[in-house]
Each structure stands twice: as C-alpha cells, then as structure tokens.
Peer 1: 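Pasting in a structure now, in structure tokens, and then I'll have a few things to ask.
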Amino acid sequence: MSTSSRKAGPQFLKYVAPVVQALQALGGSGRPAEVIDWIASELNVSDQEQAEMLGSGQSRFANQVHWSRFYLAKAGYIDAAERGVWSLTTKGLSAELDRDDVLAIFHQVQDGLRETSGEPVPVPS
C-alpha cells in the first residue's frame with residue numbers, strides 16, 4: 001500500500017465515527033437499519049448515494065456502514081456478541097473519534113488480520 005493510500009484509507013472509513021455517534025445517540029445500541037437511517041439523516045446522505053448498488057444487489061452505503069461496524073468490533077468499540085444488534089462497549093460509549101483515530105483503527109485491524117492470516121487482507125471500497 002502506498003503512503004498516500006495508507007494515509008487516506010478506503011472510502012468506508014468516513015462512516016466509522018458516525019457509527020459510534022449513531023449508537024451513542026440511540027442509547028448505546030441499535031439494529032443495523034436504525035444506525036444506517038440515523039447516519040443517512042444526520043450526514044444528509046443523498047437518495048442517489050443510498051440507492052447506489054453493488055454487484056451483489058446491496059446498497060453501497062449500507063455495505064460501507066457494515067464494514068465500519070466490522071472494524072469497530074475488531075478494535076473493541078462494538079460488542080459483536082448479539083446477532084442483529086450493534087452495542088457499544090465501554091470504550092465505544094465514551095469514544096469521540098477523529099480522522100486520525102479512524103485511520104489508526106483501520107491500520108490496527110488490518111495489521112491484526114494480516115498477522116492472523118499471514119496474507120494480504122482485501123480492503124473494501
């Protein structure tokens with residue numbers, strides 16, 4: 001990964017901090033649809049952006065929010081124990097993430113996954 005792409009990170013990272021903010025606003029936990037709706041509303045995500053589909057038929061926006069949750073869970077901000085409910089951990093409840101924090105989470109998780117698999121880890125767009 002080049003220095004510039006390492007610094008910028010993939011597109012989905014723009015939703016990492018909003019996932020935490022949404023769950024904080026929802027009282028610490030919520031269903032994925034509630035989080036997605038909160039982010040769409042608070043960030044004024046256009047209908048066009050929400051309607052853009054991946055080849056799988058899933059909304060690109062929803063996919064990026066789900067990838068954000070995955071990275072937050074791997075970094076200890078979200079408890080992934082209950083299926084269908086995203087709950088903040090103590091760490092997540094008090095988090096105020098800025099761009100540098102988000103990039104650090106991304107690289108920490110990527111490095112951990114690389115160590116576990118021993119291979120390059122695909123990065124979602």
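Counting from 1, the numbers follow the sequence of the chain as shown. Given the structure is predicted, the values throughout are model-derived calculations rather than measurements.
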Peer 1: Determine whether L97 and I105 satisfy the following criterion, side chain to side chain contact (heavy atoms under 4.5 Å, CB included), listing intermediate values before the conclusion.
Peer 2: CA-CA 10 Å; L97 303 175; I105 289 167; 4.0 Å; yes
Peer 1: Donor-acceptor pair, distance only, cut-off 3.5 Å: does the side chain of S68 make one with the backbone of V19?
Peer 2: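 Not at all, since once roles are kept as given, no pair shorter than 3.5 Å links the two residues.
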Peer 1: Could you list the residues that satisfy side chain to side chain contact (heavy atoms under 4.5 Å, CB included) with D98, not counting sequence neighbours?
Peer 2: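 By the side chain to side chain contact (heavy atoms under 4.5 Å, CB included) rule, D98 matches D100, D101.
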Peer 1: Shortest non-hydrogen contact from N63 to Q58?
Peer 2: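 Taking N63 first and Q58 second, the nearest heavy atoms are ND2-OE1, 3.0 Å.
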Peer 1: For E42, enumerate each residue passing the salt bridge (charged side-chain N to carboxylate O under 4.0 Å, His left out) test, keeping only those at least two apart in sequence or located in another chain.
Peer 2: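 For E42, no residue satisfies salt bridge (charged side-chain N to carboxylate O under 4.0 Å, His left out) once neighbours in sequence are set aside.
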Peer 1: Heavy-atom distance under 4.5 Å between the side chains of P10 and W67, does that happen here?
Peer 2: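 Side-chain contact under 4.5 Å: no.
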Peer 1: Please confirm whether the backbone N or O of Q21 pairs with a side-chain atom of E96, one donor and one acceptor, at under 3.5 Å?
Peer 2: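 Not at all, since once roles are kept as given, no pair shorter than 3.5 Å links the two residues.
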Peer 1: Looking at every heavy atom in both S59 and M53, which two are closest together, and how far apart are they?
Peer 2: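 In terms of heavy atoms, the two residues are closest at N-SD, 3.5 Å.
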Peer 1: Can you hop from V16 to L93 via hydrophobic side chains spaced under 4.5 Å?
Peer 2: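 Result: yes, single cluster for both.
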Peer 1: Report the residues that fulfil ring-ring contact (aromatic ring centres under 6.0 Å, His included) with Y15, sequence neighbours left out, ordered by chain and then residue number.
Peer 2: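 Scan of Y15 (ring-ring contact (aromatic ring centres under 6.0 Å, His included), adjacent residues dropped) gives F61.
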Peer 1: With a 4.5 Å cut-off on side-chain heavy atoms, are I78 and L88 touching?
Peer 2: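 L88 vs I78: side chains touch.
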Peer 1: How close do L13 and F106 get, counting heavy atoms only, and between which atoms?
Peer 2: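 For L13 versus F106, the nearest heavy atoms are CD2-CB, 3.8 Å.
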Peer 1: What pairs of residues pass the salt bridge (Lys or Arg N to Asp or Glu O under 4.0 Å) test when at least one of them lies in residues 49-59, not counting sequence neighbours?
Peer 2: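 Sorted result for residues 49-59: K14-E49, E52-R60.
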Peer 1: Can you run down the side chain to side chain donor-acceptor pair (under 3.5 Å) pairs that involve residues 69-79, sequence neighbours left out, and say none if there aren't any?
Peer 2: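 For residues 69-79: Y71-Q110.
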Peer 1: Residues two or more places apart in sequence or in another chain: which of them pass side chain to side chain contact (heavy atoms under 4.5 Å, CB included) with S41?
Peer 2: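 Listed in chain order: nothing, the list is empty.
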Peer 1: In a table with atom names and distances, give each donor-acceptor pair under 3.5 Å that connects a side chain of residues 25-39 to protein atoms at least two apart or in another chain.
Peer 2:
from, atom 1, to, atom 2, distance (Å)
R31, NH1, G84, O, 3.0
E34, OE1, R31, N, 2.7

